[in-house]
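Notes follow once the structure below has been shown.
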Amino acid sequence: PCHLGPVVGGWYKVLDRFIPGTTKVDALKKMLLDQGGFAPCFLGCFLPLVGALNGLSAQDNWAKLQRDYPDALITSYYLWPAVQLANFYLVPLHYRLAVVQCVAVIWNSYLSWKAHRL
């Protein structure tokens, strides 16, 4: 997760191109796209990647993904929508990644725990 800065930073630039404003409605639209599109895809890539790096077989990795993904995604929705809404509304584009990286320390600890449970 520590090397995801360019991916997330690039995603924020894409969001700002699609939704260039900074109003509350624009922030809400960005958050909905982020949480409805990027977050589920990111999580769906992250968990199997960790499983593969930990040596899980394809079958075990698939079973683990089916077991862990729904709970991890639901848990992410307790944290990230509020963070991202504030981030998109209050924080200038060039600082958004730093805000997310600070919150991600906590989130990535949870994901690491989730990914390493047997």
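Side chains are part of it too, since the values below use all heavy atoms of this structure and drop only hydrogens, waters and symmetry mates. Just so it is clear, the model here is predicted, and its values are computed rather than measured.
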Cluster check Tyr89, Val14: I/L/V/M/F/W/Y, side chain < 4.5 angstrom: no
More than 12 heavy atoms of other groups within 6.0 Å of Gln66 CD: yes
Only pairs at least two apart or in different chains count here, so list each side-chain hydrogen bond (donor to acceptor under 3.5 Å, both in side chains) that has a residue in residues 42-57. Asn54-His116, Ser57-Asp60
Tell me, do Gln101 and Leu97 make a side-chain contact under 4.5 Å, heavy atoms counted? yes
Which distance, rounded to the nearest 0.5 Å, do you find between the CG of Asp71 and the CG of Asp68? 7.5 Å
Going hydrophobic residue to hydrophobic residue with side-chain gaps under 4.5 angstrom, can you get from Val91 over to Leu28? no
How long is the span from the CG atom in Leu49 to the CG atom in Leu53, to the nearest 0.5 Å? 4.5 Å
Closest non-hydrogen atoms of Cys41 and Gly37, given as atom of the first, atom of the second and distance, are SG-O, 3.3 Å
Test your reading of the model: is there a side-chain donor-acceptor pair from Ser112 to the backbone of Asn108, 3.5 Å cut-off? no
Counting C-beta onward and ignoring hydrogens, is there a side-chain heavy-atom pair between Gln84 and Val100 closer than 4.5 Å? yes
Sequence neighbours excluded, which residues qualify as side-chain hydrogen bond (donor to acceptor under 3.5 Å, both in side chains) partners of Asn61? none
Atom of Gln35, atom of Pro40 and distance for their closest heavy-atom approach: O-CD, 3.2 Å
Is any NZ, NE, NH1 or NH2 atom of the basic residue among Lys29 and Asp34 found under 4.0 Å from an Asp or Glu carboxylate oxygen of the other? no
Nearest heavy-atom approach of Pro81 to Ser76 is CD-O, 3.6 Å
In Å and rounded to the nearest 0.5 Å, what is the CG to OG1 distance from Leu93 to Thr22? 11.5 Å
List in chain and number order the residues that pass side chain to side chain contact (heavy atoms under 4.5 Å, CB included) with Leu43, two or more places apart in sequence or in another chain; answer none if no residue qualifies. Leu47, Tyr69, Ala72, Leu73, Leu111
Give a yes or no on whether Ile74 and Trp113 share a hydrophobic cluster (residues Ile, Leu, Val, Met, Phe, Trp, Tyr; joining criterion: side-chain heavy atoms under 4.5 Å apart). no
Look only at the side chain of Arg96 and the backbone of Tyr12, and say whether a donor-acceptor pair between them is shorter than 3.5 Å. no
Gap separating the CG atom of Asp26 from the CG atom of Asp16, nearest 0.5 angstrom: 9.5 Å
State whether the number of non-hydrogen atoms from other residues, nucleotides or ligands found under 6.0 Å of Tyr77 atom OH is greater than 12. yes
Flag yes if Trp80 and Leu32 sit in one hydrophobic cluster, no otherwise; membership is Ile, Leu, Val, Met, Phe, Trp, Tyr, and two members link when side-chain heavy atoms are under 4.5 Å apart. yes
Look at the rings of Trp11 and Phe38 and say which category their plane angle falls in: under 30° parallel, 30 to 60° tilted, over 60° perpendicular. parallel
Using 0.5 Å steps for rounding, measure from the NZ atom of Lys30 to the CG atom of Asn87. 10.0 Å
Given the rule that I, L, V, M, F, W and Y join up when any side-chain heavy atoms are under 4.5 Å apart, are Leu33 and Phe88 in one cluster? yes
Using 0.5 Å steps for rounding, measure from the CG atom of Leu79 to the OH atom of Tyr110. 11.0 Å
